[in-house]
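Hydrogens, waters and symmetry mates play no part in the numbers below; they use all other heavy atoms, side chains included.
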Amino acid sequence: LTFHNIQRADNGQYTCTASNSAATDTSQAATLTVLERPGGITVQVTTQSATTLHATIDVGFTGNLPVLALQMRYRTSDVPTWGSWAPVAFSGTRGTFYITGLTPATHYTGEVIARNSEGWSQAVRFVWRTRDALPAEVTSDPQNVMQPINSTATFNCTGRG
C-alpha cells in the first residue's frame with residue numbers, strides 16, 4: 001500500500017489482506033500518523049481595561065506532535081510596524097498572556113503563532129479596542145451657592161487626570 005501526497009485525512013489504521021482460493025489472511029493494523037505544523041488556533045480576549053489585555057490561546061490541531069512554543073505580537077491598528085514576537089506561557093495546547101501599558105481608547109491588532117517540531121503555524125490575527133480612560137478624579141467638591149430667582153449660579157470644583 002503506497003500513499004502519495006499524504007493529507008491530514010489519511011491519518012488512521014490500515015491493514016493488508018491477502019486471499020486466494022484456499023484462504024484469506026489479514027495483517028495486524030498499522031497506524032499512519034501524518035505530521036504537520038500546528039493549526040486551528042483561536043484567541044479569546046478574556047478581560048480588558050483601558051490599559052491592559054488578558055487573552056487565551058487554544059491550539060486546535062497540534063500536527064500530531066507536542067506544541068513546543070507559543071508567541072504573540074501586537075501593534076496599534078493604524079501603525080504598520082509590528083512589535084517583537086514575545087513568548088506566551090502555555091501548558092499543553094492552551095496559553096495565556098497579559099499586555100500592560102496600552103493606550104486607552106485605542107484599536108489594536110495582534111497575532112499569535114504556535115510551533116511544533118515540524119515548524120511554526122500560520123499567524124492568526126485578532127483585534128481589540130482598549131476601553132476609555134477612567135474619568136478624572138474630583139479633588140475638591142463644589143460649595144453650596146444661594147442665588148435669587150432668575151439669576152445665574154455657578155458651581156466650581158477642581159480635579160486631576
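No side-chain heavy atom of Thr42 sits less than 4.5 Å from a side-chain heavy atom of Phe126. Counting heavy atoms from C-beta on, the side chains of Ile41 and Ile57 come closer than 4.5 Å. Taking the side chain as every heavy atom from C-beta outward, Val34 and Gln7 never approach each other to under 4.5 Å. In this structure, Pro66 and Asn116 have side chains that are not in contact, with every pair of non-hydrogen atoms separated by 4.5 Å or more. In this structure, Asn11 and Asn64 have side chains that are in contact, with non-hydrogen atoms separated by less than 4.5 Å. In this structure, the side chains of Met72 and Val43 stay at 4.5 Å or more apart for every pair of heavy atoms.
Taken to the nearest 0.5 Å, the CZ atom of Arg125 stands 7.5 Å off from the CZ atom of Arg73. To the nearest 0.5 Å, atoms CD (Glu36) and CG (Leu65) are separated by 9.0 Å. Atom CG of residue Leu35 and atom OG1 of residue Thr62 lie 9.5 Å apart, to the nearest 0.5 angstrom. With values rounded to the nearest 0.5 angstrom, Thr33 atom OG1 is found 11.5 Å from Asp10 atom CG. In this structure, Arg129 CZ and His107 NE2 are separated by 5.0 Å, a value rounded to the nearest 0.5 Å. Within the model, atoms CZ of Arg131 and CG of Leu102 stand 13.0 Å from one another, a figure rounded to the nearest 0.5 Å.
Residues forming a ring-ring contact (aromatic ring centres under 6.0 Å, His included) with Tyr14 (at least two apart in sequence, or on another chain): Phe3. The side chain to side chain contact (heavy atoms under 4.5 Å, CB included) check on Ala29 picks up Gln13, Thr15, with sequence neighbours excluded.
The hydrophobic clustering, which links ILVMFWY residues whose side-chain heavy atoms are closer than 4.5 Å, places Leu53 and Phe90 together. The hydrophobic cluster containing Val88 does not contain Tyr98, counting ILVMFWY residues as joined when their side-chain heavy atoms lie under 4.5 angstrom apart, directly or transitively. If you chain together hydrophobic residues whose side chains sit under 4.5 Å apart, Val124 and Val67 fall into the same group.
Here the closest heavy-atom approach between residue Arg37 and residue Phe61 is recorded as O-CD2, 4.3 Å. When all heavy atoms of Leu70 and Ala114 are compared, the closest pair comes out as CD2-CB, 3.4 Å. Among all heavy-atom pairs drawn from Gly39 and Val59, the shortest one is O-CG1, 4.0 Å. Here the closest heavy-atom approach between residue Ala105 and residue Asp132 is recorded as CB-OD1, 3.2 Å. The two atoms that bring Pro38 and Ser121 nearest to each other are O-CB, 3.2 Å, heavy atoms only. Pairing each heavy atom of Trp120 with each of Ala69, the nearest pair is CH2-CB, 3.9 Å.
Thr130 contributes a side-chain N or O that, together with a main-chain N or O of Thr103, makes up a donor-acceptor pair within less than 3.5 Å.
Summarising the local packing, CZ of Arg94 is surrounded by 12 or fewer heavy atoms from other residues, nucleotides or ligands at distances under 6.0 Å.
Evaluation of the side-chain hydrogen bond (donor to acceptor under 3.5 Å, both in side chains) test over residues 20-30, restricted to residues two or more places apart or in two chains, returns Thr17-Thr26.
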- So Trp85 and Glu111, side chain to side chain contact (heavy atoms under 4.5 Å, CB included) or not? Walk me through it. CA-CA 9 Å; Trp85 287 105; Glu111 287 187 332; 3.9 Å; yes
- Message: If you apply the rule side chain to side chain contact (heavy atoms under 4.5 Å, CB included), what do you find for Thr96 with His54, and how did you get there?
- Response: CA-CA 7 Å; Thr96 60; His54 175 230; 3.9 Å; yes
